[in-house]
Amino acid sequence: RIVINDRADVARAVGVPAVHLRDDGWPVARVRALFDAPVLVGQSIHDAGAAARSQADYVHVGAVFGSGDKPAGGLDLLRAVAAVSRVPVHAVGGVTPANAAACRAAGAAGAEEPEEDPADA
């Protein structure tokens, strides 16, 4: 499955019915209105209040363990989001095989490991 990051207009133009929105991106309802058929919409969120209000089909919460210039939100943030979210919660940001189980225990439906930087290979 292909998900277009933050560009609902591009997703519609190329016929990809899946979009992931930034926390400050377009409203989910606006994205859904662009499509003539059902569309999968995900949303990055950074607090439990946003998770409770989200109309997305899934949410990414993070950076759980920190990532690049994004500070760590921690497992407490992940737990708080999972407790109020009506949709699957995915942990992102600094997730590794060593800490993925802790994300699952905190309520994450899934976790995303960072992509390996080709420069590090």
Side-chain angles (χ1 to χ4, degrees):
R1 172 167 281 199
I2 295 173
V3 178
I4 303 294
N5 193 33
D6 200 44
R7 293 295 307 265
D9 56 335
V10 171
R12 181 174 182 254
V14 298
V16 173
V19 179
H20 185 85
L21 303 172
R22 298 182 333 202
D23 60 337
D24 61 350
W26 286 7
V28 173
R30 181 176 178 192
V31 170
R32 291 194 197 286
L34 287 177
F35 291 81
D36 296 327
V39 59
L40 177 72
V41 181
Q43 188 173 32
S44 293
I45 53 108
H46 302 288
D47 63 73
R53 292 185 304 275
S54 179
Q55 298 174 350
D57 299 307
Y58 68 89
V59 296
H60 279 182
V61 62
V64 175
F65 298 103
S67 179
D69 62 346
K70 296 177 183 173
L75 291 172
D76 288 339
L77 171 62
L78 182 56
R79 270 188 216 90
V81 168
V84 299
S85 181
R86 298 177 303 275
V87 297
V89 174
H90 295 211
V92 297
V95 177
T96 67
N99 61 28
C103 293
R104 185 81 161 150
E112 182 177 320
E113 293 182 40
E115 291 183 21
E116 184 175 318
D117 186 337
D120 294 337

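Here the structure is a predicted model, which means the values were calculated and not measured.
Checking side-chain atoms of Arg104 against main-chain N and O of Ala109 turns up a donor-acceptor pair under 3.5 Å. A donor-acceptor pair under 3.5 Å is absent between the side-chain atoms of Asn99 and the main chain of Ala102, judged by distance alone. A donor-acceptor pair under 3.5 Å is formed between the side chain of His46 and the backbone N or O of Gly62. Formation of a donor-acceptor pair under 3.5 Å by the Arg86 side chain with backbone atoms of Ser54 is found in this model.
Considering all non-hydrogen atoms of both residues, Asp57 and Val87 come closest at O-CB, 3.4 Å. In terms of heavy-atom proximity, Phe35 sits nearest to Ala11 at CZ-CB, 3.9 Å. Heavy atoms only, all atoms of each residue included: Ala80 and Ala48 are closest at O-CB, 3.8 Å. Closest of all the heavy-atom pairs between His20 and Val3 is N-CG1, 3.6 Å. The shortest heavy-atom contact between Gln55 and Val28 is O-CG1, 3.5 Å. Here the closest non-hydrogen pair linking Arg12 and Leu34 is NE-O, 2.6 Å.
When hydrophobic clusters are built by joining Ile, Leu, Val, Met, Phe, Trp and Tyr residues whose side-chain heavy atoms come closer than 4.5 Å, directly or via intermediates, Ile45 is not grouped with Trp26. Hydrophobic clustering (side-chain heavy atoms under 4.5 Å, transitive across Ile, Leu, Val, Met, Phe, Trp, Tyr) groups Val95 together with Val81.
Considering CD1 of Ile4 and CG of Leu40, their distance stands at 12.0 Å, rounded to 0.5 Å. Between atom SG of residue Cys103 and atom CD of residue Glu112 there is a gap of 11.5 Å, rounded to the nearest 0.5 Å.
No side-chain heavy atom of Arg22 sits under 4.5 Å from any side-chain heavy atom of Ser44. With contacts defined as side-chain heavy-atom distances shorter than 4.5 Å, the pair Val59/Val61 does not qualify. Taking the side chain as every heavy atom from C-beta outward, Leu75 and Leu78 approach each other to under 4.5 Å. At least one side-chain heavy atom of Arg32 sits under 4.5 Å from a side-chain heavy atom of Val39.
A salt bridge links Asp76 with Arg79: the distance from a Lys NZ or Arg NE/NH1/NH2 to an Asp or Glu carboxylate oxygen falls below 4.0 Å.
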